[in-house]
Amino acid sequence: MHIHRYEKYWLVFGFLSIVTFIAFMFVMTFSTGHHTAGGMEVIDPEKVAETPPFDKPGLKKVGENTYEAVVVAMAFGYNPAKLEIPKGAKVHFKVTSQDVIHSFSIPGTNVNMQIVPGHISEREHTFDKPGEYLVLCNEYCGTGHHMMTMEIEVVEHANHQ
Amino acid sequence: MPTINKDNKLAFAFVATAFAFFFIGTICGLLQGLVRGGLIELPYWLNYYKVLTTHGISLALLFTTYFIYGFFYAGIRRTMGELSAKVRTAGWTGFWMMLIGTLMAVVMVSSDQATVLYTFYAPLKASPFFYIGLALFVVGSWVSGISMIAHYAQWKKRHPNQTTPLFGFMTVATILLWIIACLGVAATVLLQLIPWSFGLTDKINILLSRTLFWYFGHPLVYFWLLPAYMYWYVSVPKVVGGKIFSDSLARLAFVMFLLFSIPVGFHHQLMEPGIHESWKLIQVVLTLMVVIPSLLTAFSMFATFESAGRNKGAKGLLGWWTKLPYGDVRFLAPFLGMLFFVPAGIGGIINTSYQLNEVVHNTLWVVGHFHITVGAAVVMSFFGIAYWLVPYLTGRRLTKALNRLGVFQIVLWAVGMFIMSTAMHVLGLYGAPRRTAFSMYNDHAVALDWFRGIVANQLYLPIGAFFLFLSSMLMVYLFVYLACLAPKATSQNAEEFPVSEAENKEERPPAVLDNWKVWISVCAVLILLAYTVPVLDMIQHAPGSPGYRTW
C-alpha cells in the first residue's frame, strides 16, 4: 500500500502528538497525583441514612488542617445544605446518593463528581481562596434538577473544630 | 424521464422519515434555547425535560439513523447494483420495525411516561413500553443493516477477485460498527431495563447499565460520523472535480474506526465511582487512537482539494483554495462541516484527556462539542447529501434557484451553530451545567456571571438557536419541494449520485482490508481486553437499586 511522503510526515506528527498527550496524562496522574473523582467503596443505596459515615453528614476534622466532608445527594438537594470550610484546608469529599444519579460539581474548581447510588464518590480538594462557592447538580435527576444546589463558604477561620 | 426504481423508494422512505423527525427535533431545540437564555418559561404540561428528551431522541437517534440508512440503500444500489427481492423485503421489514418502535417511544415520551432524556440512566424508571420501543428500533435497524451486508456478500460472490466498491466497503464497516455497538445497549435494555420496569426484578445494577450504555454511546457518534466521511471520501472529490486521494488509505481509516471506537466507553465515565482508575486510563489511551484515522481523513480531503484546484489551473502554494466550487451547495455544506470539525476534533481530545475531562464533564462545553461534531460536521454533510439525494431518488432536479436557497440555508446554519456552540464552550468552562432548565441558583454570583460575558453569555443560546431554527425550517421546506414540487428531470439532466474514482486506479488495496473476519476478531479481542475484568467486577460488586420516578 502506497502512502504519500507528506502524508507519512503528517501521520508521524499526529501520532507523536498523541503519545506526548498520553505521556503528560500519565505523569499528571502518577507523579503529581492528579487523580480524578472515583472510589471503589460500595454502600446499600436504600440504607444510606443508617450507614456510617452517611448517618451523620457534615464536615469532620480528621487531622492537622485536614477535613472529611460527608454529603448525601438526593432529589433535589444535598444534606447538609451548607458547609463552612477553613481556607487552605485539605478537604476529602465523600458523597453518595440515596435515590437516583446526581452529580456534585463546584464551578471554578476541579471538583466534578458523578454520584451513582450504591457507590461512594471521593475526591480531595484544597480551597485556597475564601468566598462563597456554589455546588450544583449537573446530571439530570428529575423535574427539580435545576433547583438542586448547596453552598460552600470558605472562611479565613472556621468556628468549629 | 428516469423511472423511480423500487430500491430508491426504500431509500426515500428512510430519508423522508428522517426529515419528519428533523422537523420535530429542531422545534424542540428552539424552545430549549429560549428557555436557557431566560427568555421564556414553558408551561407546566410541556416541561423542559420532556422537550429535551424529544430533542435528543429525534435528532441524535432518529434523524441520523433514518438518514444514514436512506443514504446507504441509495449508495449500495448505485455502486453494487439492484437489490435482490429478499434484500429489499428485509430492508422494508427493518424499516417498519424501526418505525413502530419509534412511535411507541414517542407516545411514551409525549405522555410524560419517559422523561428520562435520551440516555435513560437507571434508576430513573420509564414505562416498559418506552424501552420496548427502543429495543424494536434497534432490532429493526439490525434487520435492515444485515440486508445491506447480504447485498455486499452477493456482490462479492458475483465478482470474485475484484475489489469491492469503496462505498460498499464503507457501508459494511459502518453497519458492523453499529451492530457491534448496539450489543451493549440491547443487553442493558433487554436483560436489565425491561424486566425491571415490568416489575419482574425489583433492583437494577446501575453501574453495569451505565457501562453497557456507554459501550454503545461512543461508537454511536462514529456511526453518525462515518457516513459523513463516506460522502467526503466517495462523493466530494467528484463534486469538486478531483479524485479520491488514496482508495486504500480510505479503507484503512474505516477499519481503524471500527477497531478503536468500540472499546472506549469509559471515557464517558471518568468522573464516576466503581471503575478502577487503571481501566479508565487504558480506555482513554484507546480512545485517543481514534485521532489517527481522523488525521488520515483530513489529509486526504485537503490533498483532493489541492489536486482538483491545480487541475483547474491554480498556481502557488494556496491558489487552489480559490478554485473550489463554494457556490455549489453539494460542496459548501460538507466543506463548512469540515471546518467545524477541526475545533470539534480538538475538543474531543480535550474531553477524553483524563484530567481535563474534570473541568468540562457534564457542562455546557460538552453540548457545544457535540453540536459542532454531530450538529455541524455530520448534519451539514447530510444536508449536502440531501440536496442531490432527494431529487435523485424522486426523479426531480436541484435547479439553480434551489441551489441558491440551499447555500443560504447552509450559511444560516453555520452562523447559528457558530454563535451557539462558541458560547456553550466558554460557558462550560465557567461551570454552566448541561441538561438543566433555566436556573439562577438563587441569584448566586457564579450563575449571574453566565449572563455577563461578551463571548460567554447564555443570551447567545437563543440567538444561535433562532438562526438554526430558521435554517431548519428552510431545509424542511426545501426537502418537501425537492421531493414533490421541483421540476421533473429528463434523462439528460437527471441528478447524479456522485461517485469518484481513485487517483491511482492500478493500485489495488491489500486484500486483508476486505477480510471482515480478521477485523471483527481483532475488534472482539480489544473489547474483551477493555471490558472483561471491570464488567465482571461490576456484576459481582455493584449493589442493586430500586426504581424512581422523579418527574
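Reminder, nothing fancy here: chain letters follow the sequence lines and each chain counts from 1.
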Engineer: Quick one: what part of B:Val116 sits under 4.5 Å from any heavy atom of chain A, side chain, backbone, both or neither?
Structural biologist: backbone
Engineer: With only heavy atoms counted, which part of B:Glu277 is less than 4.5 Å from chain A, the side chain, the backbone, both or neither?
Structural biologist: side chain
Engineer: Only pairs of heavy atoms separated by less than 4.5 Å count here; which of A:Ala75, A:Cys141, A:Gly131 has the most with chain B?
Structural biologist: A:Cys141
Engineer: Looking at the rings of B:Phe305 and B:Phe302, which for Trp means the six-membered one, are their centres under 6.0 Å apart?
Structural biologist: yes
Engineer: Side chain, backbone, both or neither: which part of A:Phe104 has a non-hydrogen atom closer than 4.5 Å to chain B?
Structural biologist: neither
Engineer: Could you look at B:Ile349 and say if it's the side chain, the backbone, both or neither that has a heavy atom under 4.5 Å from chain A?
Structural biologist: side chain
Engineer: Please flag which part of B:Pro509 lies under 4.5 Å from any non-hydrogen atom of chain A: side chain, backbone, both or neither.
Structural biologist: neither
Engineer: Please classify the contact of A:Thr36 with chain B as side chain, backbone, both or neither, using a heavy-atom distance under 4.5 Å.
Structural biologist: both
Engineer: Validate the cation-pi geometry between B:Lys203 and B:Trp196: distance from NZ or CZ to the six-membered ring centre under 6.0 Å, angle to the ring axis within 45°.
Structural biologist: no
Engineer: For B:His276, is it the side chain, the backbone, both or neither that has a heavy atom under 4.5 Å from a heavy atom of chain A?
Structural biologist: both
Engineer: Is chain A contacted by the side chain of B:Asp537, its backbone, both, or neither, given a heavy-atom distance below 4.5 Å?
Structural biologist: side chain
Engineer: Relative to chain A, which segment of B:Ala445 carries a heavy atom at a distance below 4.5 Å: side chain, backbone, both, or neither?
Structural biologist: neither
Engineer: Below 4.5 Å, heavy-atom pairs only: which of A:Met148, A:Met28, A:Glu139 has the largest tally toward chain B?
Structural biologist: A:Glu139
Engineer: Quick check on B:Tyr430 against chain A: is it the side chain, the backbone, both or neither that has a heavy atom closer than 4.5 Å?
Structural biologist: backbone
Engineer: Relative to chain A, which of B:Val359, B:Leu117, B:Val291, B:Ile206 shows the most heavy atom pairs under 4.5 Å?
Structural biologist: B:Leu117
Engineer: What part of A:Phe15 is in contact with chain B, defined as an atom under 4.5 angstrom from a non-hydrogen atom: side chain, backbone, both or neither?
Structural biologist: both
Engineer: If I measure from the heavy atoms of chain A, does B:Lys50 come under 4.5 Å with its side chain, its backbone, both, or neither?
Structural biologist: neither
Engineer: Side chain, backbone, both or neither: which part of B:Ile275 has an atom under 4.5 Å from a heavy atom of chain A?
Structural biologist: backbone
Engineer: Could you tell me which of A:Leu136, A:Val42, A:Ile3 has the largest number of non-hydrogen atom pairs under 4.5 Å with chain B?
Structural biologist: A:Leu136
Engineer: At a 4.5 Å cut-off on heavy atoms, which part of B:Arg549 comes close to chain A: side chain, backbone, both, or neither?
Structural biologist: neither
Engineer: Sort out for me which of A:Ser105, A:Gly118, A:Cys137 touches chain B most, counting heavy-atom pairs under 4.5 Å.
Structural biologist: A:Gly118
Engineer: For B:Tyr49 and A:Tyr140, take the angle between the two ring planes, folded into 0 to 90°, and tell me which bin it lands in: parallel under 30, tilted 30 to 60, perpendicular over 60.
Structural biologist: tilted
Engineer: Using non-hydrogen atoms only, which part of A:Ile115 is less than 4.5 Å away from chain B: side chain, backbone, both, or neither?
Structural biologist: neither
Engineer: Could you label the plane-to-plane angle of the A:His4 and B:Phe245 rings as parallel, tilted or perpendicular, counting under 30° as parallel and over 60° as perpendicular?
Structural biologist: tilted
Engineer: Against chain A, label B:Phe299 side chain, backbone, both or neither, depending on which of its atoms sit under 4.5 Å from a heavy atom there.
Structural biologist: both
Engineer: Using a 4.5 angstrom heavy-atom cutoff, name the option from A:Val116, A:Asp99, A:Val111 with the most pairs to chain B.
Structural biologist: A:Asp99
Engineer: Any idea which of A:Thr149, A:Asp44, A:Thr109, A:Thr29 has the most non-hydrogen atom pairs under 4.5 angstrom with chain B?
Structural biologist: A:Thr29
